[in-house]
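So the structure is just underneath, and the comments pick up after that.
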Amino acid sequence: MSFDVSSFNWIAIVLAGVSAWIIGAVWFSPPLFGRRWMAALGIKPEDAGNPAPGFVIALAISIIGATFLRWVLGAAGATSIADGIEVALIIWFAFILLPSAPSLLFTKSSKTAFAITQVQHAIAMSAMGIVLVAYR
């Protein structure tokens with residue numbers, strides 16, 4: 001199995017990355033979960049600093065993640081929206097949630113912040129899966 005990107009729809013990959021990024025921006029906005037997430041982490045809004053550099057980096061990371069998810073979807077033979085969601089959630093569960101969970105056991109990490117973050121990851125991954133199979 002090779003990582004041949006010649007057949008990738010790069011517009012779909014960028015759209016998938018942007019969709020995940022938008023979900024994250026809305027999810028962590030103050031009106032939705034931003035205030036609760038920051039409070040759970042012990043961060044005061046005035047101490048957070050300028051979010052612009054983080055937004056740019058988060059967008060780049062989302063596009064890179066969409067590229068790899070596109071490859072996995074192709075390798076899995078995903079062709080329907082249900083397939084895209086299923087594969088994306090398997091990736092989230094196996095490679096994002098499970099490796100992150102032990103930190104709750106061995107650190108004083110906030111369970112609330114962890115839950116808010118993980119649900120956002122699952123939704124963003126699902127959105128990328130939808131976009132990537134819809135616009136193969």
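- When side chains are defined from C-beta on, M125 does not count as touching L89, because their heavy atoms never get closer than 4.5 Å.
- Without hydrogens or angle criteria, W21 side chain to F55 main chain gives a donor-acceptor distance under 3.5 Å.
- A donor-acceptor pair under 3.5 Å is absent between the side-chain atoms of D47 and the main chain of I43, judged by distance alone.
- Atom CD1 of I11 is surrounded by 12 or fewer heavy atoms from other residues, nucleotides or ligands within 6.0 Å.
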For R36 and I116: C-alpha separation, side-chain torsions, deciding distance, then whether side chain to side chain contact (heavy atoms under 4.5 Å, CB included) applies. CA-CA 9 Å; R36 186 170 179 197; I116 290 169; 4.1 Å; yes

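- Annotation: side chain of T112 is not in contact with side chain of F33 (no heavy-atom distance under 4.5 Å).
- Two residues are said to be in side-chain contact when any heavy atoms from C-beta on lie closer than 4.5 Å; W10 and V5 meet this criterion.
- Taking NZ from K111 and CD from Q118, the interatomic distance works out to 14.0 Å, rounded to the nearest 0.5 Å.
- Between E86 and S80 there is no side-chain heavy-atom pair separated by less than 4.5 Å.
- Taken together through direct or relayed side-chain contacts under 4.5 Å among Ile, Leu, Val, Met, Phe, Trp and Tyr, L73 and I90 form parts of separate hydrophobic clusters.
- By the rule that hydrophobic residues join a cluster once side-chain heavy atoms approach within less than 4.5 Å of another member, I64 and V56 end up as members of separate clusters.
- Within the 4.5 Å cutoff, no side-chain heavy atoms of V72 are placed close to those of F95.
- A12 and L132 make their closest contact through O-CD2, 3.8 Å (heavy atoms, listed as atom of the first residue, atom of the second, distance).
- The cluster map of Ile, Leu, Val, Met, Phe, Trp and Tyr, joined by side-chain heavy atoms under 4.5 Å apart, puts F28 and V26 in the same cluster.
- Annotation: side chain of W71 is not in contact with side chain of D4 (no heavy-atom distance under 4.5 Å).
- I91 places none of its side-chain heavy atoms less than 4.5 Å from the side chain of F68.
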Mind running side chain to side chain contact (heavy atoms under 4.5 Å, CB included) on W92 and L98 for me, showing each step along the way? CA-CA 8 Å; W92 163 74; L98 289 179; over 6 Å; no

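- Y135 has its side chain within reach of V131: a pair of non-hydrogen atoms, C-beta onward, lies under 4.5 Å apart.
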